[in-house]
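In what follows, a single structure is set out as structure tokens and then discussed.
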Amino acid sequence: MLDPDQIAGLFTRDGRFLCARWGRPVVPVIFGLADETLDIFRAVTRAALAHAGHPMAETDPEMGANMLSFFVRDWQELADMPDLERLTGQGELVERLTTQAADQYRIFRFDADGGIRACMNFVNMGGGLAEAHPAGLAETMVMRSLLTFARDVEPSRQVADLIRAAYDPALPVVARDASHALRLAARLPV
């Protein structure tokens with residue numbers, strides 16, 4: 001079981017604590033996968049949201065879709081994507097990802113109250129993830145998209161329990177004080 005210090009560490013970056021969850025129903029859309037793999041990602045997303053007790057929807061009234069995942073074989077494929085800079089708010093993203101030899105990148109957008117409004121996942125399947133099992137990759141991506149983890153987490157029972165605890169309706173959608181880790185720890189199964 002994770003203790004409060006371990007939990008706080010999962011949400012602390014550069015000395016700042018931030019634990020935010022989705023504040024609206026999730027509407028996922030995935031680009032760049034074959035149909036059989038797409039079905040796996042959809043099923044894993046549905047299961048993870050059901051476990052968290054958070055709804056999915058067919059459409060977001062403001063954005064259409066709000067959990068966008070883009071799969072490419074090389075980061076240069078993103079350069080052909082229209083309005084990439086407008087979508088991400090980040091110039092030179094392709095160059096940065098290529099230089100860093102990253103295999104994935106995630107961007108969160110937030111509502112006025114601090115809850116997650118949107119999440120964009122960019123995944124390069126041409127590098128280290130080329131041999132990744134679709135179900136394992138889907139589980140990892142969805143878990144990392146449900147909360148604002150400050151570092152990459154791997155799928156585990158502990159992380160799944162933590163996500164479920166964070167989606168307790170009695171807890172705030174966003175917390176910026178590390179004492180929130182105590183509230184999360186208290187909701188983890190013994």
Side-chain angles (χ1 to χ4, degrees), residues 1-2 6-7 9-11 13 18-60 62-71 103-111 113-125 128-129 131-175 180-181 183-190:
M1 186 166 91
L2 295 168
Q6 291 171 316
I7 294 170
L10 292 175
F11 298 102
R13 177 180 289 134
L18 173 65
C19 178
R21 68 179 190 228
W22 284 84
R24 57 177 65 203
V26 173
V27 182
V29 65
I30 300 170
F31 302 95
L33 290 180
D35 288 344
E36 60 274 6
T37 307
L38 188 58
D39 290 340
I40 293 169
F41 273 76
R42 286 180 180 148
V44 168
T45 302
R46 274 192 301 274
L49 287 165
H51 176 76
H54 192 73
M56 276 181 67
E58 291 295 319
T59 187
D60 180 272
E62 294 174 28
M63 303 170 55
N66 56 21
M67 181 188 278
L68 298 92
S69 298
F70 301 89
F71 290 83
D103 57 15
Q104 56 185 302
Y105 186 68
R106 181 171 303 96
I107 301 169
F108 286 105
R109 297 283 183 252
F110 301 94
D111 282 321
D113 68 356
I116 298 172
R117 174 181 184 217
C119 179
M120 290 169 267
N121 289 289
F122 299 90
V123 183
N124 182 349
M125 296 300 295
L129 296 176
E131 300 301 318
H133 190 281
L137 181 58
E139 188 177 21
T140 300
M141 283 183 55
V142 172
M143 288 184 121
R144 292 177 182 175
S145 300
L146 292 182
L147 295 174
T148 54
F149 291 107
R151 61 183 176 86
D152 286 342
V153 294
E154 297 300 324
S156 69
R157 186 79 210 158
Q158 290 179 322
V159 172
D161 289 341
L162 179 61
I163 290 169
R164 187 178 183 110
Y167 277 84
D168 183 328
L171 293 179
V173 171
V174 63
H180 186 68
R183 298 175 80 186
L184 292 171
R187 285 166 171 76
L188 294 177
V190 179

CG of Asp111 to CZ of Arg24: how many Å apart, nearest 0.5 Å? 4.0 Å
Do you know which two heavy atoms are closest between Met1 and Val190, and how far apart they sit? SD-CA, 4.3 Å
Looking only at heavy atoms, the pair that brings Leu2 and Leu188 closest together is O-CD1, 3.7 Å
Non-hydrogen atoms of Ser145 and Arg106 that approach each other most closely: OG-NE, 3.7 Å
According to the interplanar angle, ranging from 0 to 90°, do the rings of Phe71 and Phe41 count as parallel (below 30°), tilted (30 to 60°) or perpendicular (above 60°)? perpendicular
Expected list for residues 164-174: side-chain donor-acceptor pairs under 3.5 angstrom, two or more places apart:
unit_1, atom_1, unit_2, atom_2, d
Arg164, NH1, His51, O, 2.9
Tyr167, OH, Trp22, N, 3.1
Tyr167, OH, Leu146, O, 2.6
Asp168, OD1, Ala170, N, 2.8
Asp168, OD2, Arg187, NE, 2.9

Between the CZ atom in Phe70 and the CZ atom in Phe31, the distance rounded to the nearest 0.5 Å is 5.0 Å
Could you measure the distance from the CZ atom of Arg117 to the CE atom of Met67? Nearest 0.5 Å is fine. 15.0 Å
One thing to verify: whether Glu139 and Arg144 come together as a salt bridge, which I'm taking to mean a side-chain N less than 4.0 angstrom from a carboxylate O. no
Do the side chain of Arg13 and the main chain of Ala150 share a donor and acceptor less than 3.5 angstrom apart? yes
Any idea which heavy atoms bring Pro189 and Asp161 closest together, and the distance? CG-OD2, 3.3 Å
Okay, side chain of Asp113, backbone of Gly115: is any donor-acceptor separation there less than 3.5 Å? yes
Decide side chain to side chain contact (heavy atoms under 4.5 Å, CB included) for Leu162 and Leu184; before the verdict, give the C-alpha distance in whole Å, the side-chain angles of both, and the deciding distance to 0.1 Å. CA-CA 7 Å; Leu162 179 61; Leu184 292 171; 4.0 Å; yes
Val142 versus Thr45, closest heavy-atom pair with distance: CG2-OG1, 3.3 Å
Can you tell me how far the CD1 atom of Ile107 sits from the CE atom of Met120, to the nearest 0.5 Å? 5.0 Å
Please name the pair of heavy atoms, one in Ser69 and one in Met141, separated by the smallest distance, quoted to 0.1 Å. OG-CE, 3.6 Å
Under 6.0 Å from the CD atom of Glu62, do we count more than 12 heavy atoms belonging to anything else shown? yes
Mind checking the NE2-CE spacing from His54 to Met56? Nearest 0.5 Å is all I need. 10.5 Å
Test side chain to side chain contact (heavy atoms under 4.5 Å, CB included) on Gln6 and Gln158; report intermediate values, then the result. CA-CA 11 Å; Gln6 291 171 316; Gln158 290 179 322; over 6 Å; no
From CG (Asn121) to CZ (Phe108), nearest 0.5 Å: 7.5 Å
